[in-house]
Amino acid sequence: MKKNIFNVAIVGLGHIGKLHSEIINSMTNAKVVAIVDTYPIKTNLPVFLSIKECNISHPEIDMYVIATPNGYHYQQAKEVLESGKNVLVEKPIALHKEQVKELITLSHKHNVRVFTSLQLRFSPVINYVKKLYENNLLGNLYLVTVECFWNRNTTYYEKNSWHGTKEIDGGVLFTQFSHFIDIMFYLLGSLELVNNKTENFSHQNCIEFPDTGILQFKSGKTWGNMVYTISTYEKNFESSITLIAEKGTIKIGGQYMNQLLYHNVENIDPVEIECNTNKFHKNLYEDIILSLDKNTPSIADAENAAEIIGFIEKTTS
Ligand SMILES: NC(=O)c1ccc[n+]([C@@H]2O[C@H](COP(=O)([O-])OP(=O)(O)OC[C@H]3O[C@@H](n4cnc5c(N)ncnc54)[C@H](O)[C@@H]3O)[C@@H](O)[C@H]2O)c1
């Protein structure tokens with residue numbers, strides 16, 4: 001795909017679509033050439049109501065970015081792949097594992113690529129811990145705990161009509177906390193769900209799914225649990241991952257898993273890790289463009305997301 005400029009169209013220029021646009025336009029080798037959105041939006045770029053119309057007017061597009069509400073991702077990604085273009089789909093790539101598998105099959109059939117936004121995999125903090133674990137510097141990993149205590153109140157759900165519905169939002173593990181499950185897969189390789197309890201404590205009038213859950217998982221000999229809620233009083237309180245291992249204890253925190261909160265590891269002094277969360281999306285695009293240029297795998301390949309979607313799906317069934 002060697003080209004000087006990588007041409008992108010964004011489908012859904014909302015909150016995250018605007019961020020994608022800024023990042024792409026800040027790169028010297030990429031630019032946004034068109035927008036697809038069904039609502040009137042302010043932009044200097046040509047806006048289309050459908051991917052089909054956009055494709056006809058802009059055959060030079062190399063990749064579409066799907067940044068619409070969750071429930072539209074699968075259908076829109078499918079349309080892009082069938083038109084013979086690459087696609088980057090915001091998280092969650094789809095709401096069902098079978099849909100992700102179908103998108104991957106379609107990408108092979110049409111000789112294009114399908115990626116998803118797993119940008120927390122570019123966190124230097126996460127990668128530092130991953131290296132420690134993979135190089136056996138932590139010894140046996142006994143226990144992993146994930147705690148996500150956020151606040152999403154009624155106003156949040158009233159303001160955004162797509163949030164809160166089972167069909168288009170899907171649930172809090174898809175919309176709020178899928179990055180944390182992704183990081184579990186990234187660190188541990190695979191997860192098996194062994195127990196799952198959910199409850200709707202304080203959102204009965206505005207969401208169609210539980211607001212809280214406690215789940216247990218296993219990965220080889222490692223046991224893990226995840227406790228999550230969007231019912232925390234007044235504001236977000238914490239999101240963190242704690243690893244209890246034979247030769248060390250580590251706690252990672254911050255909304256974007258960007259802080260090393262605790263580090264006590266045999267023979268290794270605590271480290272200062274610079275972690276600029278603004279760079280994660282840029283790193284994601286650099287990885288995608290390089291992988292298309294060289295025809296090599298990317299961290300953002302959809303193959304890395306199918307199991308995550310399957311795992312979340314099991315917690316909702
Ligand atoms: N990777 C991340 O960290 C991250 C962060 C926030 C959101 N997201 C994901 O990004 C997606 C969008 O979230 P958001 O917060 O930007 O939502 P948003 O509501 O702010 O924006 C959605 C945009 O899509 C447009 N749209 C709606 N239906 C459409 C359709 N059928 N065709 C074309 N455009 C359509 C809307 O007009 C709007 O401009 C969600 O899937 C969300 O989970 C990811």
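Counting starts at 1 for both ligands and their atoms, following the listed order. Count residues from 1 along the sequence.
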So which protein heavy atom does [atom] come closest to, and at what separation?
atom                    : result
atom 27 (C) of ligand 1 : P69 CD, 3.6 Å
atom 20 (O) of ligand 1 : H15 N, 3.0 Å
atom 16 (O) of ligand 1 : I16 N, 2.9 Å
atom 29 (C) of ligand 1 : T38 OG1, 3.3 Å

Give a yes or no on whether [X] atom [atom1] has more than 12 heavy-atom contacts from other residues, nucleotides or ligands under 6.0 Å away.
X    : atom1 : answer
N111 : CG    : no
F237 : CZ    : no
Y256 : OH    : no

Looking only at N/O atoms, are [X] and ligand 1 under 3.5 Å apart anywhere?
X    : answer
N70  : yes
W162 : yes
E90  : yes

Touching ligand 1 at all, L13? Heavy atoms, strictly under 4.0 Å?
-> yes
Has K18 got any heavy atom lying under 4.0 angstrom from an atom of ligand 1?
-> no
Centroid-centroid under 6.0 Å between Y128 and H263 rings | yes
Those atoms of ligand 1 less than 4.0 Å from some heavy atom in [X]:
X    : value
H179 : 1 (N), 2 (C), 3 (O)
H73  : 41 (O)
Q76  : 30 (C), 31 (N), 32 (N), 33 (C)

Would you indicate which of F48, Y256, Y72 comes nearest to atom 28 (N) of ligand 1 when only heavy atoms are counted?
-> Y72
Indicate yes or no for a side-chain donor-acceptor contact from N264 to the backbone of T249 under 3.5 Å, with no hydrogens or angles considered.
-> no
Same hydrophobic cluster for F177 and F185, using side-chain heavy-atom links shorter than 4.5 Å among ILVMFWY?
-> yes
K279 to F122 six-membered ring, cation-pi geometry met (6.0 Å, 45°) = no
